[in-house]
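Here is the structure we will look at, set down as structure tokens.
Please read all numbers here as calculations on a predicted model, not as lab measurements. Indexing begins at 1, ligand by ligand and atom by atom, following the structure's order.
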Amino acid sequence: MVEIADFTMTRATGCPLDPAPALSEYLQKGPMRRVRLWDGSTPWLVAGYAEQRALLADPRVSSVPASPGFPNFTNAFAASGFSFVVRDDPEHNRLRRTVIAQFTVKRAEAMRPRVQEIVDEQLDRMLAGPNPADLVEAFALPVPSLVICELLGVPYADHDMFQATSGAILHQETTPEGRAAAAGALYQYIDTLIGARFAEPGDDLLSELTERISAGELTWPEAAEIGVLVLLAGHETTANMIALGVVALLEHPDQLALLRANLDDPKLVASAVEELLRYLTIAHGGRRRAALEDITVGGQTIRAGEGMILVNETGNRDPAVFTDPDRLDLVRDARSHLSFGFGVHQCLGQPLARIELQTVYRTLLERAPNLELAAGLDEIPFKHDGFVYGLYRLPVTW
Ligand code: HEM
């Protein structure tokens, strides 16, 4: 009888830049095993890279939280999710298709000059302000928030509200009532903005959504939910990745020196971003799914109605795919990482996230050549308790 261990994703006991030690141990023991969740259920934990890719690409695997056996993160997360991220095809595809044109590589490239302006302005402000500063508040959070506000057509002046509600939604300790209230507030907010766009359309995603409503392709609630998903997914993730990437670079002086010496080489900067994405895997705690039919993978059969947790942070450290996977190596080819997920739900905003991260690291290192942490690693508050890994604060000096 194999003992089933409790699932934990906290990185608090090991190096905060590595996956949770318990999860790394699972990977060493094999690609798949059962774990016990907060509600007593025992879904499959899938630690291996190949098995994760196979399952994420399999149409018999469901993202719908109401599917039998679905492994919910918490009691609060059992209640709701947003739009097409929690739907299966063909419904997922119908909804995702309505906004896909806004998120192509070409569209993201067209935003590069504006992203650069936003990064420059925020850095001007931070570098002219008090030193040391909190990099999260002064830089990492405003940059992607401003970008997503412009893309969606949301007033940045409301950032306190949408950052606070997003924070509550993504915190594990939030109660079901607290999460429903935060989600309701965000939904109401986007709903009102969509209403205003009918009267006064602009050149933004919310206006595009109103056109889709008028064309009968989306209902108003479907459009509002897409707006909430994009706002939420578009700023929290990138903000955490910016701050965590800075810590990873400062903690690896040889890699930092290599990047600093090659800031005018877009290929190397792009490669550095892919490797930081792989190494840090901020969408931690696993992609959550349930089997709709029996599926055999990695020598195991997952039965219909059983849940699975596909732990991208261990997939990204699988030695079968990445040589010496625990080493941060900015020149390795890390492009096949799983940090944006895989399969039909693969991150819609990844071209934009890449452009933001490339612009941020290059400009920050150029303009702050003496950037350093202003606190020990053990004093920095990491988001062990969030659904997106990252930092609450990052004291830096320059
Ligand atoms: C470093 C930054 C980012 C990371 C690490 C990230 C990660 C992810 C991951 C892992 C998924 C897959 C979820 C799943 O399979 O269940 C996802 C989906 C998604 N992401 Fe991102 N994301 C980032 C930035 C963004 C940005 C900037 C946007 C929007 C502007 C965005 C919008 C979305 C959307 C809409 C989905 C749902 C896709 C679907 O279900 O079809 N993300 N993201």
Please work out whether the ring planes of His284 and Tyr389 are parallel, tilted or perpendicular, with thresholds of 30° and 60°. tilted

Under 4.0 Å, counting heavy atoms only: does His235 come that close to any atom of ligand 1? no

Side-chain heavy-atom pair Asp265, Val269 within 4.5 angstrom cut-off: no

Candidate with minimal heavy-atom separation from atom 10 (C) of ligand 1, of Pro144, Ala108, Ser339: Ser339

Under 4.0 angstrom from ligand 1, any heavy atom of Ser63? no

Once you measure the plane-to-plane angle for Phe162 and Tyr156, does it fall in the parallel (<30°), tilted (30-60°) or perpendicular (>60°) bin? perpendicular

Partner set under salt bridge (Lys or Arg N to Asp or Glu O under 4.0 Å) for Arg34, not counting sequence neighbours: Glu306

Would you please name every residue forming a salt bridge (Lys or Arg N to Asp or Glu O under 4.0 Å) with Asp89, sequence neighbours left out? none

Would you find a donor on one side and an acceptor on the other, under 3.5 Å apart, between the side chain of Gln52 and the backbone of Val311? yes

Val99 near ligand 1, heavy-atom distance under 4.0 Å? no

Considering residues at least two apart in sequence or located in another chain, which fulfil the salt bridge (Lys or Arg N to Asp or Glu O under 4.0 Å) criterion with Arg332? Glu275

Under-2.8 Å protein N/O/S neighbours of atom 21 (Fe) of ligand 1, ordered by chain then residue number: Cys347 SG

Could you pull out, from Arg289, Glu356, His345, the option with a heavy atom nearest to atom 12 (C) of ligand 1? His345

Below 4.0 Å from any atom of ligand 1, is there a heavy atom belonging to Phe103? yes

Would you please determine whether His92 falls within less than 4.0 Å of ligand 1 on a heavy-atom basis? yes

Show me which atoms of ligand 1 lie under 4.0 Å from any heavy atom of Ile282. 5 (C)

Hey, is ligand 1 close enough to Asn312 that some N/O pair sits below 3.5 Å? no

